[in-house]
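Each residue takes its place number in the sequence, starting with 1.
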Amino acid sequence: QVQFVESGGGLVQPGGSLRLSCVASGSGFSRYVLGWYRQTPGKQREWVAIINSGGDTDYADSVKGRFTITRDNAKNTLSLQMNSLIPEDTAVYYCKRFPGNSDVSLWGRGTQVTVSS
């Protein structure tokens, strides 16, 4: 089966930066809408950022101005640059490929981001 594999999570101090990446298998990467979500235990998974096939982006208010979502279609890679991190950013981060005409959503398994002193 096709899959997304996240990397780049870890422990970082408040005010620091971290870059997450998600590498996808399969064909047609450039045609999909892609996004990042995050989830803390006991809370519902929340949307963080989205990027469409044309490179247009949007962000949740909580991360706007601090996070940047990008894609590299030649490398089948989705990235999330996270700057000015705060403890509230602590969560498991998931990449997502939104469904096309004849498939379903594809989620990564998640990568832990911890912002703490």
Side-chain angles (χ1 to χ4, degrees):
Q1 291 183 323
V2 297
Q3 59 181 322
F4 260 151
V5 180
E6 298 107 328
S7 64
L11 175 64
V12 64
Q13 294 183 340
S17 297
L18 207 59
R19 185 176 181 86
L20 306 182
S21 296
C22 192
V23 179
S25 63
S27 61
F29 181 86
S30 64
R31 304 178 69 176
Y32 285 98
V33 177
L34 308 171
W36 287 97
Y37 289 72
R38 66 187 183 186
Q39 187 169 26
T40 300
K43 297 183 179 180
Q44 191 169 359
R45 188 171 298 183
E46 65 172 329
W47 168 73
V48 174
I50 193 167
I51 184 168
N52 69 11
S53 60
D56 299 316
T57 62
D58 200 9
Y59 302 88
D61 288 340
S62 59
V63 306
K64 193 170 298 182
R66 300 188 298 117
F67 290 12
T68 303
I69 184 172
T70 57
R71 64 192 298 162
D72 186 340
N73 293 331
K75 297 180 179 179
N76 278 17
T77 300
L78 173 70
S79 298
L80 184 69
Q81 178 66 46
M82 304 183 292
N83 298 326
S84 302
L85 286 162
I86 58 177
E88 290 75 15
D89 294 321
T90 296
V92 177
Y93 283 72
Y94 300 87
C95 54
K96 179 184 180 180
R97 188 194 75 186
F98 287 81
N101 291 332
S102 59
D103 55 21
V104 298
S105 299
L106 180 64
W107 292 89
R109 296 175 63 182
T111 185
Q112 177 70 48
V113 172
T114 302
V115 184
S116 176
S117 298

Under 3.5 Å, side chain of Asn76 to main-chain N/O of Ala24, donor-acceptor pair present? yes
In terms of the angle between their ring planes, are Phe67 and Tyr93 parallel, tilted or perpendicular, with boundaries placed at 30° and 60°? tilted
Heavy-atom pair of closest approach, residues Val92 and Gly110: CG1-CA, 3.7 Å
A side-chain contact here means heavy atoms from C-beta on lying under 4.5 Å apart; do Arg66 and Tyr59 qualify? no
Separation between CH2 of Trp47 and NZ of Lys96, rounded to the nearest 0.5 Å: 11.5 Å
May I ask you to test the Ser79-Thr77 pair for a side-chain heavy-atom distance under 4.5 Å? yes
Under the side-chain hydrogen bond (donor to acceptor under 3.5 Å, both in side chains) rule, what pairs show up with a residue in residues 106-115, not counting sequence neighbours? Gln112-Thr114
If Ile, Leu, Val, Met, Phe, Trp and Tyr residues are connected whenever their side-chain heavy atoms lie under 4.5 Å apart, and connections chain through other members, are Phe4 and Tyr37 in the same group? no
If I compare all heavy atoms of Thr40 with all of Ala91, which pair ends up nearest, and what's the gap? OG1-CB, 3.8 Å
Centre of Tyr32's six-membered ring, under 6.0 Å away, within 45 degrees of the axis: is that where NZ or CZ of Arg97 sits? yes
Results of salt bridge (Lys or Arg N to Asp or Glu O under 4.0 Å) for Lys64 - residues two or more places apart only: Asp61
Please list all pairs passing the disulfide bond (SG atoms under 2.5 Å apart) test where one or both residues lie in residues 23-54, with sequence neighbours left out. none
How long is the straight-line distance from CE of Met82 back to CG of Leu20, given to the nearest 0.5 Å? 3.5 Å
What residue pairs, at least two apart or across chains, pass disulfide bond (SG atoms under 2.5 Å apart) with a residue in residues 33-69? none
Can you name the nearest heavy-atom pair linking Val113 to Gly9, along with the distance? CG2-CA, 4.2 Å
Results of salt bridge (Lys or Arg N to Asp or Glu O under 4.0 Å) for Glu88 - residues two or more places apart only: none
Would you say that Leu78 contacts Ile69 through its side chain, given a criterion of any heavy-atom pair below 4.5 Å between the two side chains? yes
Would Leu18 end up clustered with Val115 when hydrophobic side chains under 4.5 Å apart are linked, directly or stepwise? yes
Which atom of Ser17 lies closest to which atom of Asn83, heavy atoms considered: OG-OD1, 2.9 Å
Would you give the length of the straight line joining atom CD1 of Ile50 to atom CG of Asn52, rounded to the nearest 0.5 angstrom? 7.5 Å
If you define the side chain from C-beta out and look only at heavy atoms, does anything of Pro14 sit under 4.5 Å from Ile86? no
Nearest-0.5 Å distance, OG of residue Ser116 to CG of residue Asp89: 12.5 Å
Interatomic distance, Leu80 atom CG to Thr68 atom OG1 [nearest 0.5 angstrom]: 8.0 Å
Going only through I, L, V, M, F, W and Y residues with side-chain contacts under 4.5 Å, is there a path from Phe29 to Phe98? no
Hydrophobic cluster identity match, Leu85 and Val63, side-chain contacts under 4.5 Å: yes
Side chains of Arg38 and Ser62, heavy atoms from C-beta outward: is any pair under 4.5 Å? yes
Pairwise disulfide bond (SG atoms under 2.5 Å apart) hits with a residue in residues 73-117, at least two apart: Cys22-Cys95
Given 3.5 Å as the limit, does a donor-acceptor pair link the side chain of Ser21 with the main chain of Ser7, or not? no
Would you say Thr70 and Arg19 make side-chain contact, with heavy atoms under 4.5 Å? yes
